[in-house]
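Inspection log for the structure reproduced underneath, given as structure tokens.
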Amino acid sequence: MPEAIVQRWTAEHQRQLVAVQTKARRIMGHAEGMERRHLGTVQDHQRERPMPPQGMFAAFKQASYEVAWKTWENAADALRRRAAQLARRVEKLRDYLQPVTQHTLHHPGDRLAAERVERAQPDPAKAHAEVMRQQRVEQIAMEKAAFAERVTQFEKAEQGPTERATKEREKIREQRERERDDRGRGR
């Protein structure tokens with residue numbers, strides 16, 4: 001029964017993940033297009049950069065140049081902020097398109113697909129969560145038992161040489177006592 005719950009949830013989750021990634025691919029195409037068009041706008045703006053006045057009447061033209069420069073600089077700053085915003089969007093969409101593996105932590109597409117499954121089918125999602133919780137509890141219990149077994153084996157290995165050494169010392173002590181007794185009797 002738990003395997004059926006996990007399989008049903010996994011199939012629905014996979015279906016939702018495919019839908020999320022399909023939508024992310026479509027949006028990624030739009031976002032990359034916006035980023036390319038914006039790059040063209042930035043390049044056009046760079047070509048419109050005001051040049052400092054030169055020549056005989058440069059001092060008279062300085063005030064209008066400074067106003068034009070300030071306006072151009074403000075527009076360039078706004079274009080840089082927009083370029084950064086578009087780059088963040090594209091990067092976030094790339095995160096959604098990354099493959100989901102066992103070792104992927106906090107995958108946004110995987111999380112969104114799981115949320116969609118929970119909203120669409122709350123009862124199977126709860127059953128799946130309970131099965132997964134129970135499996136984690138069993139796995140933790142097995143790991144604790146394995147750890148306790150390793151500790152016991154380690155303690156036995158630690159005690160083994162000392163017990164052997166103690167037994168050997170006892171044998172040597174007994175042998176020496178017998179030798180003393182044998183010497184004492186012979187005199």
Next on the checklist: What I want to check is whether the side chains of E3 and Q7 have a donor and an acceptor closer together than 3.5 Å.
Outcome noted: no
Checklist entry - Roughly how far, to the nearest 0.5 Å, is the CD atom of E138 from the CZ atom of R133? => result 10.0 Å
Checklist entry - Are the side chains of T41 and H45 in touch, meaning some heavy atoms are under 4.5 Å apart? => result no
Checklist entry - Who passes side-chain contact (heavy atoms from CB on, under 4.5 Å) against E143, sequence neighbours left out? => result Q139
Next on the checklist: Tell me whether Q21 contacts the main-chain N or O of Y96 through its side chain, where contact means a donor paired with an acceptor under 3.5 Å.
Outcome noted: yes
Checklist entry - Between V20 and I27, is there a shared hydrophobic cluster once you connect ILVMFWY residues whose side-chain heavy atoms come closer than 4.5 Å? => result no
Checklist entry - Using 30° and 60° as the class limits, which term best fits the ring planes of W72 and W69: parallel, tilted or perpendicular? => result parallel
Checklist entry - Judged by atom type as modelled, is there a donor-acceptor pair below 3.5 Å linking the side chain of H38 to the main-chain atoms of L79? => result yes
Next on the checklist: If you define the side chain from C-beta out and look only at heavy atoms, does anything of R25 sit under 4.5 Å from T22?
Outcome noted: yes
Item to check | Non-hydrogen atoms of L93 and A31 that approach each other most closely | outcome: CD1-CB, 3.8 Å
Next on the checklist: Within the 4.5 Å heavy-atom criterion, are H128 and V6 side-chain neighbours or not?
Outcome noted: yes
Checklist outcome for this item: What one should report as the nearest heavy-atom pair of P50 and Y65 is O-CE1, 3.8 Å
Next on the checklist: With heavy-atom distances below 4.5 Å as the criterion, would you say the side chains of R89 and M34 are in contact?
Outcome noted: yes
Checklist entry - Is it true that D44 and R47 have a side-chain N and a carboxylate O under 4.0 angstrom from each other? => result yes
Checklist entry - What distance separates L86 CG from E32 CD, expressed to the nearest 0.5 Å? => result 11.5 Å
Checklist entry - Could R94 and E91 be called an ion pair, given the rule that one side-chain N must be under 4.0 Å from one carboxylate O? => result yes
Checklist entry - Would one find more than 12 heavy atoms of other residues, nucleotides or ligands at under 6.0 Å from atom CZ of R119? => result yes
Next on the checklist: One thing to verify: whether K70 and E73 come together as a salt bridge, which I'm taking to mean a side-chain N less than 4.0 angstrom from a carboxylate O.
Outcome noted: no
Checklist entry - So, for V117 and E12, which heavy atoms are closest and what is the spacing to 0.1 Å? => result CG2-CG, 3.7 Å
Item to check | Which atom of A24 lies closest to which atom of L97, heavy atoms considered | outcome: CB-CD2, 3.8 Å
Item to check | Between CD on residue Q98 and CG on residue D110, distance to nearest 0.5 Å | outcome: 13.0 Å
Item to check | Student check: side-chain heavy atoms of Q43 and Q46 closer than 4.5 Å | outcome: no
Item to check | E174 with K171: basic N within carboxylate O range, under 4.0 Å | outcome: no
Item to check | Where E35 and A87 come nearest, the two heavy atoms and their spacing | outcome: OE2-CA, 3.6 Å
Checklist outcome for this item: In short, W9 meets P124 closest at the heavy-atom pair CD1-O, 4.3 Å
Checklist entry - Charged N to carboxylate O below 4.0 Å: is that the case for E170 and R173? => result yes
Checklist entry - Would Q62 and E66 count as having a side-chain donor-acceptor pair, cut-off 3.5 Å? => result yes
